[in-house]
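What follows is a set of notes on a single structure, which appears directly below.
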Amino acid sequence: MQELLTGRRRLEGFEGVWDIRPIGELLKIRHGKNQREVEVSDGTIPILATGGQIGVAATPLYSKPSVLIGRKGTINKPQYIEKPFWTVDTLFYSEILGDNSAKFLYYVFTNIDWMQFNEASGVPSLNARTIEAVEIACPLPAEQHAIAVILSDMDAEIEALEQRLSKMRALKQGMMQELLTGRTRLI
């Protein structure tokens, strides 16, 4: 992942030097809003805060793929979302500019040590201008999309392996119960 996201390893068919650009040229950081006016009990749109979903709404704040990052609290745990959502004021969302890949930018965000940009002495905090000013190495959108596909495929494979591992652990636990209680005897 490090090699793909920094340009040290290139995918076949892509060449040229990556530009060093501020994040603000690739996306705009937007502020979440108060959910009280849109929160309903039977909505389908998740209302998100830095700690996860806190409710549902009937209308989204934003409907396109986006990178989310905490404004307050968990500033070092970027999230990615493809479906419509609403964020509260403790969670920034991003509006991707041009043909840039939201998923590629999410992977880049996960490799940045956001705590070094903390602007508070108590609860960790970021501001939009700080995020947008961070400079990253960036390929053209076609290569961004290709890298995002490869890393997404790897994430899917990791998820499948983790599910299999969880299933095997449960199976082992069940077998241990059977064997250690004498309900199942070995021949």
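For Glu132 (side chain) and Glu25 (main-chain N/O), no donor-acceptor pair under 3.5 Å exists by modelled atom type. At least one donor-acceptor pair closer than 3.5 Å links the side chain of Ser152 to the backbone N or O of Ala148. The main-chain N or O of Arg129 is found under 3.5 Å from a side-chain atom of Asn127 such that the two form a donor-acceptor pair. Without hydrogens or angle criteria, Ser94 side chain to Val67 main chain gives a donor-acceptor distance under 3.5 Å. Side-chain N or O atoms of Arg71 include one that pairs as donor or acceptor with a backbone N or O of Asp89 at under 3.5 Å.
To the nearest 0.5 Å, atoms CD (Glu3) and CG (Leu5) are separated by 10.5 Å. Rounding to the nearest 0.5 angstrom, the gap separating the OG atom in Ser66 from the OH atom in Tyr106 is 12.5 Å. Between the CD1 atom in Ile96 and the CG atom in Leu26 there is a gap of 8.5 Å [rounded to 0.5 Å]. The CZ atom of Arg30 sits 15.0 Å away from atom CG of Leu91, with the distance rounded to the nearest 0.5 Å. Between atom OG1 of residue Thr87 and atom NZ of residue Lys33 there is a gap of 9.0 Å, rounded to the nearest 0.5 Å. Note that OG1 of Thr6 is 11.5 Å distant from CD1 of Ile136, once rounded to the nearest 0.5 Å.
Ring planes of His31 and Phe92: perpendicular class, angle over 60° (limits at 30 and 60°). By the 30° and 60° cut-offs, the orientation of the rings of Phe85 relative to Tyr93 is perpendicular.
Side chains of Val88 and Asn34 form no contact here, defined as non-hydrogen atoms less than 4.5 Å apart. Residues Leu27 and Asn100 are not in side-chain contact: their nearest non-hydrogen atoms beyond the backbone lie 4.5 Å or more apart. Side chains of Leu171 and Lys167 form no contact here, defined as non-hydrogen atoms less than 4.5 Å apart. Taking 4.5 Å as the limit, every side-chain heavy atom of Pro46 sits out of range of all side-chain heavy atoms of Trp86. Contact check for Leu4 versus Leu11: side-chain heavy atoms found under the 4.5 Å cut-off.
Around CD of Glu119, the count of heavy atoms belonging to other residues, nucleotides or ligands within 6.0 Å exceeds 12. Counting non-hydrogen atoms of neighbouring residues, nucleotides and ligands closer than 6.0 angstrom, the CG atom of Asp99 reaches no more than 12 such neighbours. Around atom CD of Glu37, no more than 12 heavy atoms belonging to other residues, nucleotides or ligands sit under 6.0 Å away. At most 12 heavy atoms of other shown residues, nucleotides or ligands fall within 6.0 angstrom of atom CD in Glu157.
Between Glu95 and Lys64 no salt bridge is recorded (no basic side-chain N to carboxylate O distance below 4.0 Å).
Aromatic rings of Trp114 and Phe109 (six-membered ring for Trp) have centroids within the 6.0 Å cut-off, being under it.
Between the side chains of Glu178 and Thr184, at least one donor N or O lies within less than 3.5 Å of an accepting N or O. Judged purely by distance below 3.5 Å, without hydrogens or angles, the side chains of Lys72 and Thr90 never pair a donor atom with an acceptor atom. In the model, Tyr107 has a side-chain atom that pairs as donor or acceptor with a side-chain atom of Asp155 under 3.5 Å.
Taken together through direct or relayed side-chain contacts under 4.5 Å among Ile, Leu, Val, Met, Phe, Trp and Tyr, Ile131 and Met115 form part of one hydrophobic cluster. Put simply, Tyr80 and Leu68 are part of two different groups of oily side chains (I, L, V, M, F, W, Y) that touch within less than 4.5 Å, one to the next. Connection of Met154 to Val149 is not established within any shared hydrophobic cluster, with ILVMFWY side chains joined at heavy-atom distances below 4.5 Å, either directly or through further cluster members. Transitive grouping of hydrophobic side chains (ILVMFWY, heavy atoms separated by less than 4.5 Å) keeps Ile23 and Leu140 in distinct clusters.
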(request) Go through the steps to decide whether Val56 and Glu39 satisfy the test side chain to side chain contact (heavy atoms under 4.5 Å, CB included), and finish with yes or no. (result) CA-CA 6 Å; Val56 290; Glu39 191 168 19; 5.9 Å; no

